[in-house]
Structures are given as C-alpha cells and as structure tokens.
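Scroll down for the structure; my scribbles are underneath it.
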Amino acid sequence: MTNAHIPSRRPHSLGTWFHKNLGKIIAFAFLMALLVIWIMPIVWTVLSSLKPSSEAKQYLKLKNIIPITWTLDNYAYVFNTATTPIWGWMRNSFVVALSQVVLVLFACSTSAFAYERLRFRGKEAVFWAVFGLSMFPNVVGLVPLFQIMNMFKWLDKLPSIIFPGVTGVFNIFLIRNFLKGVPRELDEAASIDGAGPWQTYLRIILPSLRPVLTVVALFAFTGAWNDFVWPSIAITNPKNLTLTPGLRLLQVSEGTHIVRQLAGGVLGMIPTFLIYLGAQKYFLTGLNLGSGIKG
Amino acid sequence: MTIQPNRAPARSGRRLKANLTALSFLAPHLLLFAVFFLIPSVVGIVSAFSKWQLGKPMEFIGLENFKTLFFNPNSQYYWQLRWGLGNTIKFVALTVPFQIIMPLLLAVALKQKPFGHKLFQSLFYLPALLSIAVVMLGWNYMFNMSAGFINQALGLGKLNWTTSPPHSWMALVTITIWWVAGGNMIIYQSALASIPQELYEAASVDGANGWRQFWHITVPGMRYPLTYTAITSVIQQFGIYGQPLMFDVARVGGPTVAMVNGFDKRSYYVMLMYIFDLGFGRAGGDPGMASAMALVLGLVILAVSVIQFRILRANAQ
C-alpha cells in the first residue's frame, strides 16, 4: 500500500465546495426566483378557473391563490352555453390540427426527399427560390387569401384554415438536413432490388425519417391548435370556429365572469400540455436534429 | 466518368423521366405553396394599386391608395398608417431586446446545469406552446385591477393596467416576453453547447473572470444564432395582433390618447389591426386600401430585415 495522496471525494471544507459550485448556485438562485414568477400565470389561471365567480372578483389576500371554495361550475357552464359551443370548437380544432399534420408530413417529406435524393435540373435553384419567396411577409397575401377562399366557397368552413397552414418551408429544410445523415446505401440497395423512387420513399426513407417526422408532427399539431389570427378571419359563424379564436368570443361574452374565461383558457391548454408531458424531449431538442444553426 | 457510346435519345428520355419523377414528389408542397401563398401575395401586391370590393372585380387605380396614405391628412387611412406603424414599431423596439437578452440569460444559467435544470428548462419553455388567446385570458386576470395577482403581490392597490399608456404597454411587453422567450432559449442552449469548453478553461487559466468570459467567448461564439434570432424576432413582433386585441375587451386597442381631424388615436392599436378592420368583409371596408397598407408594412419588414442583416453581418466580421 503506497502513501499516494488519493484525493478525497468530500471537499476539504464547505468553503471549497461553495467556491467550486458558485456558478451552479447563482444559476439555481436566479432560475428559482424567475421560475416562481414565470409559472404563476399558469398556476393562477388553473386555480382560479376552479373558483366561484364571486370569489375571483374580490381583492383578497395573497394566500388566496388557492380557492377557498373549489368548484367545477365554470367548466359546466362553458360546456353548456349555446353562444360558445366549446365541444364543437375543440372538435374542429382536432380536425384541423390532425389534417394539417398529415398534409405537412406528406408534402414536406416528399419535397425533402426530392431535393435531397433525386437528381433533376435546377434542383438547388428551385429550393432556394422557394425558400427565398417564403421570406416575403405573409401579411400582403392575407386579404387576397380571404378572397380566394370566398371564391372556393370555403369561407366559414374548415378547409379554409387547413390548407393555408401547410405552405411553410422550414419543415422541408429540417427534414432535408436530417436526410443528409441517412446513408445513401439504403436507397441504392433498394434501387438495385428494383424499387422505383416512390417505393424507395415509402419503404426506406419514411421509416428512417421517423425522429424528425415526429418533431415536425408535434410542432405542426401545436401550431395548428394554437393558430389564432387566420381562423379568426376566415370563420365568422361561431359554430364553425376552432377553439383558440373561439376563446376570444368567450372573452367578449363572459366579460363579467372572468373565471369562465379562465376555464375556457385551461381547456385550450390541455391538449398541448398533455402532448408536452409525453413528448417534451422532441420539443426541447428536436430543432437540433441535423439543423445547421450552430455558432 | 466512363466513356459512353452516343446515347443521346435514351439519355434525354431518362432525364425527362427523372424530372417528371421529381415533379411528382415536389408537386404537393409546390401546389399548396403556389395556391395559398404565392398567388395571394402577388394578388396582394396588385390589389394595392386597385380599388376592390369583396366579390367584385378589381379596378386599377394606380398610385391613388398610396397618395392617400402618404399625402392626405383628411383621410383616416393617412392617420391609421402612421399610428398603426408607429405602435407596431414601438412594440418591436420594446420587445425584441428583451426577447434576446432574457432567453440568453436563461440559457447561460441552464448551462451551469444546476440542480433541476431539466425541469427548469421544461417550465420556462412551456408558455411558448400556448396560444395567444390562452395567454391573454390568463394574463388579463393577472393584471386585473381589483383581483389580479400582480396588484396583490406587488401591493399596488387598484392600479388599472388597461387605462394608462405606460402601464398598458408595460403589461403587453411583459406578456409577450413571457410568451416567446422559450423559443429563443432553446436555440441559444444548443448554440452554447457547441462552444468548446477548452476556450473557457484556457480563459480561466489566464485569469479571466466570468464576465469577461461571457463577452469575449460566449457572445462571439454565438454570433450566428444571435443574428438569426434577432432578425426572426423582429419579423415575428411586426406581426403583433393578439395581445393588443384581447387586452381590454371594452376598449380594443386601448384608450383614446388623441383626436385628430375627428379620428381617434388609440394607445396600442397596431398596424395589423387597422389592416384587418379594412380588409375583411366589413361593410364599407376597402380591401384595396388594406392591401396598400399591408404592402407598406411588408416593405418596412423587408427593409428592416435587410438592414439588420447587413449591420449584424458587418459586426460579426
């Protein structure tokens, strides 16, 4: 047994530990202090939606974040009013969101496949032209889009919301970058076996794109669910609205009963929240999948 | 490349086939892109030079709309352009700096990997996943005069956040930052992770403290994401609409702060609100004029983005 000095795991003193971990300690204090303020709006909204209206209107002490009386009345009300048909809104939101997910996954993956794996004239030119054109502010096209929807007779109907949401180019970029990391040998093996491009796409490419497609699907769903501006414009009949523009209607019609507005708000949060709970890592690190936005 | 016998006919046949195949893959997106983005944008530009009512054909009137917008103080549109652009630009200027600094601080703090950093990250990102409608309903109550959390927690009595300009602006900016900071935070986190640790270690050895390390290693090392997010954040905030719309149901766009020529100037009525009022089917609306306003807004956004890009790229050299 030698006398070699083995560094002990315990720091020699509290002072040393403090000095070594100063960064972490400061970071923790900062984040903790900010966190309390940060989550308060959500906590406050959820808890207040469970209060009776009378309680929520008074100037109470701070400890009354937590309801004195717990009640589900607000939710019952919101589900049962004719002026604000929330069930219908939620159903519409689901239809729109799921449709957009399917469209986006299909249109963006086929395009990414074409740009990355197929060879054709003017490939890069088309890609960058589309990318460049998409940079043009979309506000200019909104009024004509309304007119076009009128022409299609889609105004006040769900297709008028579904299709305009699928024009984005960023997803193609994301999938294409990811595809760069998928070995071409797979494609080549398939074509040697006699597979045409569409079969290669379906059998080889799509499965290997699963991680990035999951990210794209999640963001597409959330984006569709949360979309506020365009659905407010395209749909005027309250029965055909989706949930988020519908909440504005709820705000106007329940001006005196804030707690009912909050109940609606919570309903608007739930699907996104559930998805987030289950698939956080895709939201938090998904954009990094092969993306080139590095320092 | 091996020498092939002259196969011109077969080769052009193959090339045609390759092009058609590619087209079949590109068609879904390109079709949607053309019909729902490109064509409307082109029509938007054309209609800015027209008089147009919903359902009726366009009447080309040249620069009339723009003459009104820029030179006719008797028209409400002249004032709406100035007030709307003014408010929108003010929002951008107030919001974007915080939309970069706050997430940067968060990302740097998270990089230290303190206890619970994964949970912190999840929670700080969460607001970015909410719809603006949900955000506004919750925050309206936070800022509620009589029973809101903010007045209670800060002991502000019955401060009415919706009626006085400085307060309403503060509220709207705060809400916006809360909502969007998570997005940039994620981008900065991944950028920070790719700065080599050795640079920091070498700097420590040389005696540089945290602050100097931040300015001389971290910030330069992040210049691409910082530039990129600066531009995208500006573009995003130029589209501000939901926050001012839903902040005060009784007074959409805020209290009247001035009257000019009989038109009332609202505290935070933003450009997009004026454009939508005008463009969408209201009786007496003027979609041609709305397109003209939208074109002006679009050009301002483009100009600002280009200028930003030039400046930030020059600084990065």
Side-chain angles (χ1 to χ4, degrees), chain A residues 23-24 27-28 30-31 35 38-41 44-45 48 56-59 62 106-108 110-111 113-114 118-121 136-137 139-141 143-146 148 163-164 166-167 197 222 226 228-229 233 244 247-248 251-252 255 258 261-262 265 268-269 272 276 280 284 288 293-295, chain B residues 18-19 21-22 25-26 28-29 32-33 36-38 40-41 43-45 47 109 112 114-115 120-125 129-134 137-139 141-142 146-147 149 152-153 186-187 190-191 194-195 221-222 224-225 228 241-242 246 249 279-280 287 290-291 294-295 297-298 301:
Chain A
K24 292 195 188 190
F28 183 79
F30 170 68
L31 290 170
L35 186 69
W38 206 265
I39 51 170
M40 191 50 74
W44 178 255
T45 301
S48 301
K57 290 192 206 179
Q58 297 170 57
Y59 193 87
L62 211 52
F106 179 64
C108 294
T110 50
S111 297
F113 176 68
L118 296 180
R119 258 178 279 159
F120 57 94
R121 233 179 58 214
F136 190 70
V139 62
V140 176
V143 175
L145 189 59
F146 186 76
I148 291 179
F163 288 99
V166 196
T167 57
T222 313
N226 289 342
F228 177 73
V229 179
I233 298 170
T244 35
L247 289 179
R248 162 109 177 107
Q251 182 191 35
V252 172
I258 297 185
Q261 296 177 25
L262 298 177
M269 279 197 254
T272 330
Y276 191 48
Q280 250 174 78
L284 297 175
N288 293 340
I293 309 177
K294 291 229 175 118
Chain B
N19 286 344
T21 309
F25 277 93
L26 292 173
H29 179 262
L32 292 164
F33 186 75
F36 297 102
F37 176 76
L38 214 53
S41 299
V43 173
I45 297 177
S47 68
Q112 307 297 316
F115 177 71
F120 278 128
Q121 183 194 32
S122 305
L123 292 173
F124 279 109
Y125 183 69
L129 290 177
L130 301 176
S131 163
I132 187 59
V134 170
L137 290 183
W139 274 96
Y141 189 44
M142 288 281 283
S146 341
F149 180 79
Q152 293 181 48
I186 301 294
I187 296 179
S190 94
S194 62
I195 300 181
M222 289 180 61
Y224 290 124
Y228 168 79
Y241 176 69
M246 289 181 68
V249 190
F280 297 118
S291 288
L295 190 55
L297 179 62
I301 296 177

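In what follows, chains carry the letters A, B, and so on, assigned in the order in which the sequence lines appear, proteins first and then strands, with residues in each chain numbered from 1.
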Quiz prompt | Any residue meeting side-chain contact (heavy atoms from CB on, under 4.5 Å) with A/Ile233, in chain and number order, not counting sequence neighbours | solution =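 If we apply the side-chain contact (heavy atoms from CB on, under 4.5 Å) test to A/Ile233, skipping adjacent residues, the hits are A/Phe146, A/Val229, A/Trp230, B/Phe276, B/Phe280.
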Quick one: which of [options] has the most heavy-atom pairs under 4.5 Å with chain A, could you say?
| options | result |
| --- | --- |
| B/Leu130, B/Val43, B/Leu38 | B/Leu130 |
| B/Val134, B/Leu297, B/Ile132 | B/Val134 |
| B/Leu129, B/Leu123, B/Val249 | B/Leu129 |
| B/Ala22, B/Pro40, B/Gly44 | B/Pro40 |

Exercise. Please name all residues satisfying side chain to side chain donor-acceptor pair (under 3.5 Å) with B/Ser47, sequence neighbours left out, ordered by chain then number.
Key: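 B/Ser291.
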Quiz item: Which heavy atom of A/Tyr276 sits nearest a heavy atom of B/Ser122, and at what distance?
Solution: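 Heavy-atom minimum between the residues: OH-O, 2.7 Å.
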Quiz item: What are the two closest heavy atoms between B/Ser131 and A/Asn226, and how far apart are they?
Solution: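 That closest heavy-atom pairing would be OG-O, 3.2 Å.
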Quiz item: For the atom pair CD (A/Gln261) and CG (A/Leu247), what is the distance rounded to the nearest 0.5 Å?
Solution: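 These two atoms lie 9.5 Å from each other.
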Quiz item: Given a strict heavy-atom distance threshold of 4.5 Å, which part of B/Ile301 is in contact with chain A: side chain, backbone, both, or neither?
Solution: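 Contact with chain A involves the side chain of B/Ile301 alone.
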Exercise. Identify which part of B/Tyr241 has an atom lying under 4.5 Å from any heavy atom of chain A, answering side chain, backbone, both or neither.
Key: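 Only the side chain of B/Tyr241 comes within 4.5 Å of chain A.
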Name the region of [X], side chain, backbone, both or neither, that has any atom closer than 4.5 Å to a heavy atom of chain B.
| X | answer |
| --- | --- |
| A/Phe113 | side chain |
| A/Thr222 | side chain |
| A/Ile258 | side chain |
| A/Arg119 | backbone |

Quiz item: Are any of the side-chain heavy atoms of B/Leu26 and A/Thr110 separated by less than 4.5 Å?
Solution: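 A side-chain contact under 4.5 Å is absent here.
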